[in-house]
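Reading through the structure tokens given below for one structure.
Reminder, nothing fancy here: chain letters follow the sequence lines and each chain counts from 1.
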Protein chains: 2
Amino acid sequence: MAVTIRDVARQAQVSVSTVSRALSAPGLVKETTRQRVLEIVARLGYQPNRAARSLITGRTGNLGIVVPDLLNPFFPSVLRGVQTRAGEAGTSVFFCDSREDADTEAELVRTMAAQVDGVVLCASLLSDETIVDLAALTPLVLINRIVPGVSSVLMDSANGMDQMVTHLESLGHKNYVYLGGPAAAWSNNRRMQGLADRAHLLGSFDPNFNGGYKAAEQALKTGATAFIAYNDLMALGALAHLAANNVKVPDEISVTGFDDILYATMCSPALTTVHMPTETAGEAAVDLLATLLDGGPAEHRELPTTLVPRSSTAPPPQA
Amino acid sequence: MAVTIRDVARQAQVSVSTVSRALSAPGLVKETTRQRVLEIVARLGYQPNRAARSLITGRTGNLGIVVPDLLNPFFPSVLRGVQTRAGEAGTSVFFCDSREDADTEAELVRTMAAQVDGVVLCASLLSDETIVDLAALTPLVLINRIVPGVSSVLMDSANGMDQMVTHLESLGHKNYVYLGGPAAAWSNNRRMQGLADRAHLLGSFDPNFNGGYKAAEQALKTGATAFIAYNDLMALGALAHLAANNVKVPDEISVTGFDDILYATMCSPALTTVHMPTETAGEAAVDLLATLLDGGPAEHRELPTTLVPRSSTAPPPQA
DNA sequence: ATGAAAGCGCTAACAA
DNA sequence: TTGTTAGCGCTTTCAT
């Protein structure tokens, strides 16, 4: 078996409680004793048993995050932010991919709830009611979703959509079409709202490359001069479909996305999109979770998004 | 506080041990008793406290995985495989991103070791010795790395490289250059070996888009007609650099990658690359870990890779 | 400032 | 087949 607190206590010639205090309540032990204990701890390579500790404290020192699709670079990027901030606090991170399925998502949160101090839920597909239920089960922070009474971090897509529309209209586009993501995705609805009734609304498609590919096929029939995709992955799919059909982007049709994933700069033409502060959002989510764990109130944090014009948008062709 | 095993025992009019057995050793209790217990469990929504359980069993029911770069789609894809297989076994997964730093990597494994039953280490940058040390600390499975005595899953890049070279030579290329990844990366050396002395070797570059961009700059000076990048991300960077310099791919220069990440099909021209069975590798790693946990021996599993010819390779220009 | 002792919720001998 | 009991390693009163 590994080295326990008793081993340390024996070697340091103190009681186990003193060792415990030296480690987690430094103020309560004489400095010299503390030094001696710490030395032995280092020498023996003692690491407190987390199970034993959490059995008493009720805290696990872990946090969970569930995302809909790990293969969409948007989410790994959020994960990084979460890991960074959690790591600073000595917290470990469980992850789960719900594969864009609402039932799976709820199930995963419930499973996680049993072994973490709180969970971060990204781009949830669940109903408000279910989310409220879940929030009663475990401290919960949402990313890109708003539910009254539940903490959340929002990367403001409505505003991003405004910037996008302004951009397209300033280029002279009048007839554009929205390639919609999952109907249950809050951001999707939010983005549609930002569009009001100024665009054809197509949907709902899988929020990935294939979804965008299919969406573009339909979008072509609308005669629109600009395609606004729900996210970059869909935009990339649309780009592929247009290329396959010899439609020139941006000369004949402009294409835009959301998220500003790494590949938005790599594709050709480079994608005009709305940048999302994903890592910051991940960090903020951990902060809000910490507040919750300290007994603080549910909070809401809004992060700004920025339009990044690249080469996939241009004035529409002359009629 | 949550509902405990005692609550269940009281309601079911049995002892706690019977409840415990009903849940984890069904064969040892009378069927009718078991039913009664299960019913109460369901009614009260009882969930065993994992901390208490693992305090006794010494098992956490968790597993960890550390990858060098979550932003390289190759790794999320492995993660998915790991999650899938682990989920089937009721095991939760911790993840960590070492950001391509060896020290961080070792540190993360050590930290994880304290709270998981085993860890999966992807594309490790550590020395053989360090890995052996780590393996002594916790059950360890490597992905894309071989260290004697340590379990591993290998996606065979040497063979992939063979296929690649054969492909290029059959197209007529004689003068090609390898854009190398991290010197400490085992796969990188493995791929270089596959190349023997048949190519210029450039390196080492960051195994990402920017690294590839820079590598291409140097590679251009070699006069080679084909660039073989360490991975797809680098190949994508190389593509970008060539496009920026009006070098036509594949007419003037052929470019290839490794991994077959999603974006290898999305870029233009679509990338000729070597497909890696990433999800399968993740699953296999979990299986090997399970073997280890059951007291089994270290094992080695090799997974085949396949060349996927796309549009980024063609015969070299006529001299 | 330190120690003794209780007990967190559970599993695993050992008894019956 | 079931119950009793002794801890797993730690934190935390309560004494001293």
Side-chain angles (χ1 to χ4, degrees), chain A residues 1-41 44-62 90 92 113-117 138 293, chain B residues 1-41 44-62 90 92 111 113-117 138 293 295:
Chain A
M1 217 37 181
V3 27
T4 77
I5 198 173
R6 307 186 100 112
D7 301 323
V8 178
R10 202 173 309 124
Q11 295 253 348
Q13 320 237 48
V14 294
S15 71
V16 290
S17 2
T18 301
V19 176
S20 174
R21 283 188 281 250
L23 260 34
S24 33
L28 298 180
V29 290
K30 196 162 55 175
E31 185 54 23
T32 57
T33 332
R34 202 177 71 91
Q35 286 307 333
R36 185 153 37 94
V37 170
L38 258 31
E39 200 174 300
I40 308 282
V41 163
L44 301 186
Y46 167 70
Q47 285 195 289
N49 179 315
R50 301 189 48 138
R53 176 175 284 177
S54 71
L55 188 52
I56 286 213
T57 61
R59 288 273 192 112
T60 61
N62 300 149
S92 301
Q115 50 192 318
V116 298
D117 297 334
T138 184
L293 291 175
Chain B
M1 219 37 180
V3 26
T4 79
I5 199 173
R6 307 186 101 112
D7 300 323
V8 178
R10 202 173 309 124
Q11 294 253 347
Q13 318 238 46
V14 294
S15 72
V16 291
S17 10
T18 302
V19 176
S20 176
R21 283 188 283 250
L23 260 32
S24 33
L28 298 180
V29 289
K30 194 163 58 173
E31 184 54 23
T32 57
T33 336
R34 202 177 70 93
Q35 285 308 332
R36 186 151 40 94
V37 170
L38 259 32
E39 201 174 300
I40 308 283
V41 163
L44 301 186
Y46 167 71
Q47 283 196 289
N49 180 318
R50 300 189 50 140
R53 174 176 287 176
S54 71
L55 188 52
I56 288 212
T57 62
R59 288 273 191 109
T60 62
N62 300 327
S92 302
T111 306
Q115 50 194 317
V116 298
D117 296 334
T138 183
L293 292 177

Whether each nucleotide of nucleotides 10-16 of chain C has a protein heavy atom under 4.0 Å at its base (B), only at its sugar-phosphate (S) or at neither (-) is summarised, 5' to 3', as BBBB---
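Atom-to-atom, CG of B:Leu23 to P of C:dG9 comes out at 16 Å; the value is rounded to the nearest Å. The distance from atom CZ of B:Arg10 to atom C1' of C:dG9 is 13 Å, rounded to the nearest whole Å. Spacing between atom CD of A:Gln35 and atom P of C:dA1 amounts to 15 Å, rounded to whole angstrom units. Rounded to an integer number of Å, the gap from B:Leu55 CG to C:dC8 C1' is 9 Å. Straight-line distance from the CD atom of A:Gln115 to the C1' atom of C:dG9: 16 Å, rounded to whole Å. Between the CZ atom of A:Arg59 and the P atom of D:dT12 there is a distance of 11 Å, rounded to whole Å.
In summary, B:Glu39 and B:Arg36 do not engage in a salt bridge, as defined by a charged side-chain N under 4.0 Å from a carboxylate O.
No donor-acceptor pair closer than 3.5 Å links the side chain of B:Arg53 to the backbone N or O of B:Pro48.
Residues passing the salt bridge (Lys or Arg N to Asp or Glu O under 4.0 Å) test with B:Arg59: none are found, sequence neighbours excluded.
Between B:Thr18 and D:dG3 there is a side-chain polar atom (N or O) within less than 4.0 angstrom of OP1 or OP2.
Using a 4.0 Å heavy-atom distance criterion, B:Thr33 is classed as a sugar-phosphate-only contact.
Looking only at atom types and distance, the side chain of A:Ser15 has a donor-acceptor partner in the side chain of A:Thr18 under 3.5 Å away.
Heavy-atom minimum distance, B:Ala12 versus B:Ile40: CB-CG1, 3.9 Å. A:Thr60 and A:Arg50 get closest at one heavy-atom pair: O-NH2, 3.2 Å.
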